[in-house]
Amino acid sequence: MKRVALITGINGQDGYYLSRFLKSKDYDVHGITSCSKPGIGEPPENCYYCDFAEGSNLNQILGTVQPDEIYHLAAQSHVRLSFDIPVYTAEVTGVGTLRLLEALRYYEEQSQKKIRFYQASSSEMFGKVVESPQSETTPFHPRSPYACAKVFSYWQTINYRESYGMYACNGILFNHESPRRGEAFVTRKITKAVARIKLEMQDKLYLGNIDAKRDWGFAGDYVEAMWLILQQDKPDDFVIGTGKTHSVREFLEAAFGAVDLDWKQYVEIDPQYYRPAEVELLCADPSKARQKLNWEPKVSFEELARLMVEADMRLTQQEKILSEASS
Ligand code: NAP
Ligand code: G4F
């Protein structure tokens, strides 16, 4: 019998890589998508609509899918945006997790089945870091409505594990990127701009705090860690990252350098991209994942920047051809 996985947020970056990974392991993969897209009609096969801001049909979806494993990736995941829509972010990214855990508890009771639950926790929870690198024992100091909502979800996950004996785990993932990264996140914003500047479709790139440092890895590597977390004998929480940190400035150097351009000629600082409170430094201590999951990231920082630029060059070249053909 095929194992059944349910991925919330299946249309996001991680949902894309995780569904491919699980299919390669012969899972029957189902997904949840929000109803927010205009012009939406019938859901695609094995896909169900649910808005985590209310979640009233979660019991019905669990009963239909009958999952063995749930990967809860759905979230309003943009940190800067969470300052503009804090209540919505708390509803979706925080209380949305509780809605799913509660539906899952009811489903387990009814079906007498044990389900494995993965919560997409975030290194943003470390926020104003009290030590570096950050491990599973580092205290949290969240610095945004998004990070506060993720701390709420982190503790609810542990609370359901401890209160009801549920197999519920947190993966505390540091930043991970890919050509599927949303265009409002800094790496993808940069690689898209690099391609457009190289192809003479854009002159300038406006950014906020380019001294911020992040531990950046490749999303394709990180979804394997999500799966490994749910394959352990006992439920537990894991930090997932590379253990190396780089500034946005260094990402600029790597991305513009990939097409032989000097970033300093094109980048300008625009304070509208500053955040009311910034997370200045994140750097993972992934020793526990290395020891217990035997997990290692494969793609380096330089390779990541290059592969994202190359993907955006291909995409932008196609866009340019299409727009020239239609003008
Ligand atoms: P993403 O690309 O923003 O995907 C998140 C998905 O959540 C979206 O595709 C969206 O699906 C869905 N969603 C948003 N609002 C929703 C709502 N109200 N109801 C139902 N679904 C909703 O994020 P990602 O980079 O793949 O990250 C996956 C998860 O890991 C997120 O929870 C994120 O916070 C967390 N995380 C990410 C990173 C990272 O560096 N990427 C690091 C740590 C943790 P639709 O398109 O269907 O609306
Ligand atoms: O790419 P970012 O928007 O990612 P951020 O805030 O680190 O959050 C991402 O990673 C988290 C894991 O730590 C996830 F939980 C979260 O869901 C999301 O995926 O910004 C990275 C850094 C920040 O310090 C930001 O201030 O880049 C800085 N930055 C500078 N200029 C910018 C910009 N960020 C964005 N998005 N846009 C800019 O123009």
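First listed ligand is number 1; within each ligand, the first listed atom is number 1.
Of the options R275, R80, E280, H78, the smallest heavy-atom separation from atom 2 (P) of ligand 2 is shown by R275. Checking L18, V92, I7, L173 against atom 43 (C) of ligand 1, the nearest heavy atom belongs to L173. The residue from S153, G9, G12, G15 that puts a heavy atom closest to atom 4 (O) of ligand 1 is G12.
Here K213 does not pair with E280 in a salt bridge; the nearest charged N to carboxylate O distance is not below 4.0 Å. One finds no salt bridge joining E224 and K25 here, because no Lys/Arg side-chain nitrogen approaches an Asp/Glu carboxylate oxygen to under 4.0 Å. A salt bridge links D211 to R249: at least one charged side-chain nitrogen sits closer than 4.0 Å to a carboxylate oxygen. Salt bridge absent: D270 and K204 never bring a charged side-chain N and a carboxylate O closer than 4.0 Å. Ion pairing of R196 with D312 is absent here, as no side-chain N (NZ or NE/NH1/NH2) approaches a carboxylate O to less than 4.0 Å. Ionic pairing of E102 and R105 is present here: one or more N-O contacts between side-chain nitrogen and carboxylate oxygen are shorter than 4.0 angstrom. R214 and E250 are not joined by a salt bridge, as no carboxylate oxygen comes within less than 4.0 angstrom of a charged side-chain nitrogen.
Considering backbone and side-chain atoms together, D51 places an N or O closer than 3.5 Å to an N or O of ligand 1. The shortest N or O to N or O distance between N175 and ligand 1 is not below 3.5 Å. Ligand 2 has an N or O atom lying under 3.5 Å from an N or O atom of G208, backbone or side chain. Here's the thing with S77: one of its N/O atoms is less than 3.5 angstrom from an N/O atom of ligand 2. Note: an N/O pair closer than 3.5 Å links S34 and ligand 1 by distance alone. Remark: ligand 2 and E278 share an N or O pair separated by less than 3.5 Å (distance only, no angle test). Looking at R181 next to ligand 2, an N or O pair under 3.5 Å apart turns up. The N/O atoms of I32, backbone and side chain alike, include none that comes under 3.5 Å of an N/O atom in ligand 1. Annotation: A53 places no N or O atom under 3.5 Å from an N or O atom of ligand 1; distance criterion only. When only interatomic distances are considered, the shortest N/O to N/O separation between S122 and ligand 1 does not fall below 3.5 Å. The shortest N/O to N/O separation between Q76 and ligand 1 does not fall below 3.5 Å. Annotation: Y146 places an N or O atom under 3.5 Å from an N or O atom of ligand 1; distance criterion only.
Those atoms of ligand 2 that come under 4.0 Å of a heavy atom in V79, given as number and element, are 6 (O), 8 (O). Near Y146, meaning under 4.0 Å from any of its heavy atoms, are these atoms of ligand 2: 14 (C), 15 (F), 16 (C), 17 (O). Contact atoms of ligand 2 toward A212: 24 (O) (distance under 4.0 Å to a heavy atom of the residue). Less than 4.0 angstrom separates some heavy atom of C50 from each of these atoms of ligand 1: 19 (N), 20 (C). Atoms of ligand 2 lying under 4.0 Å from at least one heavy atom of Y273, given by number and element, are 39 (O). Short contacts between ligand 2 and S122, defined as distances under 4.0 Å to a heavy atom of the residue, involve ligand atoms 11 (C), 12 (C), 13 (O), 14 (C), 15 (F). Remark: ligand 2 atoms within the under-4.0 Å shell around heavy atoms of S123 are 12 (C), 13 (O). Ligand 1 places these atoms under 4.0 Å from at least one heavy atom of T33: 45 (P), 47 (O). Of all atoms in ligand 2, numbered sequentially from 1 with element shown, those under 4.0 Å from a heavy atom of V248 are 27 (O).
Of the protein's non-hydrogen atoms, the one nearest atom 10 (O) of ligand 2 is N175 ND2, 3.0 Å. Of all protein heavy atoms, the one closest to atom 39 (O) of ligand 2 is K189 NZ, 2.8 Å. Considering only non-hydrogen protein atoms, atom 29 (N) of ligand 2 sits nearest to V186 CG2, 3.8 Å. Scanning all protein heavy atoms for the shortest distance to atom 36 (N) of ligand 2 gives A184 O, 2.9 Å. Closest to atom 28 (C) of ligand 2, if we only count protein heavy atoms, is N209 O, 3.7 Å. In terms of protein heavy atoms, atom 23 (C) of ligand 2 is closest to R214 NH2, 3.4 Å.
Here the closest non-hydrogen pair linking H246 and W216 is O-CZ3, 3.2 Å.
We find the CZ-OG1 distance between F152 and T157 to be 9.5 Å, quoted to the nearest 0.5 Å. Atom OG of S56 sits about 9.5 Å away from atom CZ of R99, to the nearest 0.5 Å.
If you look at E124 next to ligand 1, there are no close heavy atoms at all, none under 4.0 Å. Only side-chain heavy atoms of R181 come within less than 4.0 Å of ligand 1; its backbone N, CA, C and O stay farther off.
F251 and W263 have their aromatic ring centers separated by at least 6.0 angstrom. For Y17 and F218, the distance between ring centers is under 6.0 angstrom. Taking the ring centroids of H72 and F52, they lie under the 6.0 Å cut-off.
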(message) Walk me through whether R143 and E124 qualify under salt bridge (Lys or Arg N to Asp or Glu O under 4.0 Å).
(response) CA-CA 8 Å; R143 295 269 279 172; E124 278 292 302; over 6 Å; no

(request) For the pair V130 and Q134, evaluate side chain to side chain contact (heavy atoms under 4.5 Å, CB included) and give the outcome as yes or no after the intermediate values. (result) CA-CA 9 Å; V130 298; Q134 297 85 49; over 6 Å; no

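Aromatic ring pairs are classed by plane angle as parallel below 30°, tilted from 30° to 60° and perpendicular above 60°; the pair F126 and F140 is tilted.
Not a single heavy atom of Y274 sits under 4.0 Å from any atom of ligand 2. Residue I210 places no heavy atom under 4.0 Å from ligand 2.
Evaluated for a salt bridge (charged side-chain N to carboxylate O under 4.0 Å, His left out) with D237, the options K288, K292, R161 yield exactly one hit, R161.
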